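We number each residue from 1, following the sequence as shown. Values in this document were obtained by computation on a predicted structure and should not be read as measured data.
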Amino acid sequence: MASSQKQLSMLFLAYVLLLLTQEMPFLASSRSSSLVALASATNQTRYEEVEALLTWKSKLDSGSRFTLSSWNGTNPCSWRGINCDSLGSVASLNLSNSTIHGTLHYLNFSQLPNLIALTLANNSFFGKIPLSMANLAKITYLDLSQNNLSGNIPTQLGSLRSLRDLNLSNNDLAGPIPNEIFSLSNLTYLYLSDNKLAGFIPKEIGRLKSLAYLHIANNRITGPIPSSIGNMSNMEEIWLFNNQLAGYIPKEIGMLGSLIQLDLSANYLNGSIPTTLGNLSKMKYLYLYDNQLSGPIPSEVGGMRFLIHFELLRNDLTGPIPKELGMLGSLSYLFLQDNQLSGPIPSTIGNLSNLNILDFYQNELFGPIPKELGMLRSLSELVLIGNSLSGSIPSIIGNLSKLISLQLGDNKFVGQLPQDICSGQVLEFFSANNNHFTGPIPRGLKNCTNLYRVRLQNNHLEGNISDGLGTYPYLDYLELSNNKLYGELPPRLGEYSNLTSLKISNTRISGVIPFEVGNMSRLHILDLSSNSLVGEIPKDLGKLKSLLELSLCDNQLVGYIPRELGTSSDLSRIDVAGNNLTGSIPKQFGDCSKLCF
């Protein structure tokens, strides 16, 4: 097939020469010489391309050579991963996701003069990036990502003046980012994330006026973010997260009018949030979490009208939550947890009709929950733990039918919990512990079958415990301690087959411990202390082979300590003091090497 194509090419060339000789005899000699020279040069380039590629193939391992089994003959245009230009020269080499193992050392790039795109992503290439890549004068697209390349980024890559896309992410590259890279005036995409790069971000980065995507995340970059970054007027995405950057966020970032995503999280940035961020009207994703930012959240953030993700968690921010957040009508995720924000929750938050997650965990907020939060019909997570919020819970919160997580713990709330707290039947995480709630366990929880974790301890809840509990096939954690609940433990507790922790201490429950509790095969902690339980300790508790801690102290239990408990080899703590038990400690406990009475 290759021989036939070569013959056709030679016949066509001869035909063209014949026409020129017949129609323009006075130019025939010079024109034919030029065409012959062109054909000769093309054939020479083809020969060198084939030689370079086959030599490289021969140096790869057997599995890689098998993958490239189509690389035979003299026509590379038909080989796997190769596309040619109109003259039959290799223009593109794409071997992404081909499980090739080897180095690039034996690939002679000077013999691939017309290569425009080189894509070797997601293979097992190792070793250094060859300096000879500087010979790829026409290359516009270079992707070596997701390999095991090591060493420094060669400064010689700065000579690739046509380069628009450079992707070296997900390798083991080290050393500084060469200043020469920032002389590539056509560069639009620069992906260097997930390496071991160190040093500063050079101020020369501001020269890259065409750059739209800058990804240098997950490296070891230090020093400040240069203010020259504000010169990059086409910038759309900046990923600098998980480095060791320090200093202020430069106010010049507010000049990047095309910016859509800014991620500076997990660094050591300090100072205040620049008010100029409010100029970024196209911004959709803003991540500043895990830094040391201080001062207030500027009211100017209300200018980012298209913002979807706003994450400021784990900083040292103070002051109130600005009411201007209510202007961010596209906002879906608002994370402000682990700061020192104070003041009330602004009622304007109720305007965020697209809000999916609202997390104010561990701040210094006070005042009541505004009833307007009940208008957030898209909300799936509402986290208010660890503040000084007070007042009663607006009953309209019960209308949030998409809530998966409702976390109200560690505040100063009073009154009753909304009875229809699980109106959408999707609630999984519910905490209201360490407050001053009164009244019964919300009736809506009884049929809330998706519950996974429930924490209602340390309140003043009352009512019959058997009326408040339903059937929960997925329940992992249940704590109702330190309340005024009464009644008997229902036998259906044995149906909680996924439960790992059951804590109902210091309440007013009475009756016997249901033997069905022994069916909770994954239980690690069982605490029924300081109640009015009677009868014997069920020997079925010996079936709890995963049990680590058992506390039944300060009840009215009688009889013996079941010897079956001694078969729980992981048991590390047992407390049965303050009962009316008789007999001796079973000798089987001698096999419990981790046990402490």
| request: Go through the steps to decide whether N122 and S96 satisfy the test side-chain hydrogen bond (donor to acceptor under 3.5 Å, both in side chains), and finish with yes or no. | output: CA-CA 6 Å; N122 196 22; S96 294; over 6 Å; no

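Considering all non-hydrogen atoms of both residues, Q292 and Y268 come closest at NE2-CD2, 3.6 Å. Here the shortest heavy-atom pairing between N243 and I216 reads ND2-O, 3.0 Å. Taking each heavy atom of N186 and R161 in turn, the nearest pair found is ND2-O, 2.9 Å. S228 and I205 make their closest contact through OG-CG2, 3.9 Å (heavy atoms, listed as atom of the first residue, atom of the second, distance). Minimum heavy-atom separation, L264 to I253: CD1-CD1, 4.5 Å. Closest of all the heavy-atom pairs between I139 and I116 is CG1-O, 3.2 Å.
Between H309 and Y285, the ring-plane angle classifies as tilted under the 30° and 60° cut-offs. A tilted orientation is assigned to the rings of H101 and F126, their planes being inclined by 30° to 60°. Classification of the Y189-Y213 ring pair by plane angle, with boundaries at 30° and 60°, yields parallel.
Between the side chain of N72 and the backbone N or O of S70, no donor-acceptor pair lies under 3.5 Å. Put simply, the side chain of N279 never gets that close to the backbone of G257: no donor and acceptor are under 3.5 Å apart. Remark: side-chain polar atoms of N242 are not paired, donor with acceptor, to backbone N or O of N218 under 3.5 angstrom. A side-chain donor-acceptor contact under 3.5 Å links R65 to the backbone of L60. Without hydrogens or angle criteria, N231 side chain to I229 main chain gives no donor-acceptor distance under 3.5 Å. No donor-acceptor distance shorter than 3.5 angstrom exists from the side chain of D165 to the backbone of Y141, with no hydrogens or angles considered. Although no hydrogens or angles enter the test, the distance criterion places no donor-acceptor pair under 3.5 Å between the side chain of N351 and the main chain of I349. Using a distance-only test at 3.5 Å, with no hydrogens or angles considered, no donor-acceptor pair links the side chain of S98 to the main chain of I100. Looking only at distances, no side-chain donor or acceptor of K138 sits under 3.5 Å from a matching main-chain atom of S162. Looking only at distances, a side-chain donor or acceptor of D359 sits under 3.5 Å from a matching main-chain atom of Y361.
Side-chain rings of F429 and Y452 approach one another, their centers coming within less than 6.0 Å.
Residues L240 and I221 are not in side-chain contact: their nearest non-hydrogen atoms beyond the backbone lie 4.5 Å or more apart.
Exactly one of N363, D410, I345, L406 qualifies for a side-chain contact (heavy atoms from CB on, under 4.5 Å) with L384. That residue is I345.
Figure legend: cation-pi geometry between K284 and F306 absent, as NZ or CZ is not positioned both under 6.0 Å from the six-membered ring centre and within 45° of its axis.
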